[in-house]
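One structure is given here, and the rest of the page talks about it.
Atoms within a ligand are numbered from 1 in the order they appear, just like the ligands themselves. The residues of the chain are indexed from 1 along the displayed sequence.
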Amino acid sequence: MSHSSYNFSHANSSYNFSHAICRLPSRNLVDGLRAEDTGQPDYDVFLKNHADYIETLKSTGAKVIVLDALDAFPDSVFVEDAVLCLPKGATIMRPGAPSRLGEAEAIKSTISALYTEVEQIKGPGFIEGGDILVTEAEVLVGRSARTDKAGIEELASIIVPWGYTLREVDTPQGVLHFKTDCSLLDENTILSTKRLAQTGCFENYDVIYTADGEEACANTIRFNNLVIMPDGFPETEHKLLDKGYTVKKIGNTEAAKLDGGMSCLSLRFSPI
Ligand code: CIR
């Protein structure tokens, strides 16, 4: 399919998107959160990979809105955590990491200009976009160190009236976000680590496992015709190619030092 003729129909709205939002990385990203110190991210390499990511999203025919860097929020390049974008409306999140809480207010005006229906998690609970996997059938939300029961209940009170089914699931201990360990590949197929799939959360889906030792590539994105995955995971890449997916690899070495992956770097949506 040629990129210029991509069909952004609302069927398969869980992976067909006409728009994305990215935020440029701040030089302060070196102060970003991480579970383990694996070295400081190199800003210039990060920027180059980020530019490649944006070009890849655009190559599918989508419009990409690129927001200015926010120096006050070192992790704000991981824009996914601040908002949940659904076809019926957007919900501003309430990040569970104290240093990221202000990212929600910072993105609100951008979202309000794009969506007519905008709600916001007011608390006391917390919830981050990285814990939310939207499939054609449901919205799965993983409890994690960043997303708690009260945050999930408040999200349910917003999106269930919009007609969505929300299912609460578990994020394995020590895994940052639910989607650190999984991604949607198409209507009914999930790429997942074994440790996450073993919790039983994907019983109604076809699951492709990340290859052993390649768990760090579970966070990919299906964006229109492409599966966008981090570079350096050849066995899993071959599994995806064998299943007929069109794979595009992006360097992720620097974002990985901050526990970031492919989904974290964008909000994906189709305004209506
Ligand atoms: C954080 O710990 O919040 C950031 N350093 C990484 C966020 C990654 N976001 C995501 O998986 N959605």
Self-check item: Backbone or side-chain N or O of D259 under 3.5 Å from ligand 1 N or O
Solution: no
Within the 4.0 Å heavy-atom cut-off, what R100 brings close to ligand 1 is side chain
For residues I132 and I159: do they belong to one hydrophobic cluster (side chain heavy atoms under 4.5 Å, members Ile, Leu, Val, Met, Phe, Trp, Tyr)? yes
So is K179 touching ligand 1 or not, going by heavy atoms under 4.0 Å?
no
State whether Y164 and K88 meet the cation-pi test: NZ (Lys) or CZ (Arg) under 6.0 Å from the six-membered ring centroid, and within 45° of the perpendicular axis.
yes
side-chain contact (heavy atoms from CB on, under 4.5 Å) with D131: of L176, D148, L84, T147, only one passes, and it is T147
Residues E154, R94: salt bridge by 4.0 Å N-O rule:
no
- Consider ligand 1: state whether an atom of it lies below 4.0 angstrom from any non-hydrogen atom of E128. no
Looking only at protein heavy atoms, what sits closest to atom 4 (C) of ligand 1 is D75 OD1, 3.2 Å
- Message: Under 3.5 Å between any N/O of C264 and any N/O of ligand 1: does that happen in this structure?
- Response: no
Nearest non-hydrogen protein atom to atom 6 (C) of ligand 1, with distance, is L258 O, 3.1 Å
Salt-bridge contact D186-R222 (side-chain N to carboxylate O under 4.0 Å):
no
Nearest non-hydrogen protein atom to atom 2 (O) of ligand 1, with distance, is R146 NH2, 2.9 Å
With C22 as partner, the option from L57, L67, I65 fulfilling side-chain contact (heavy atoms from CB on, under 4.5 Å) is L57
Atoms of ligand 1 under 4.0 Å from any heavy atom of D81, numbered from 1 in the order shown, are 7 (C), 8 (C), 9 (N), 10 (C), 12 (N)
Checking heavy atoms under 4.0 Å, the part of L33 that sits near ligand 1 is both
* When the aromatic ring centroids of F223 and Y15 are compared, is their separation below 6.0 Å? -> no
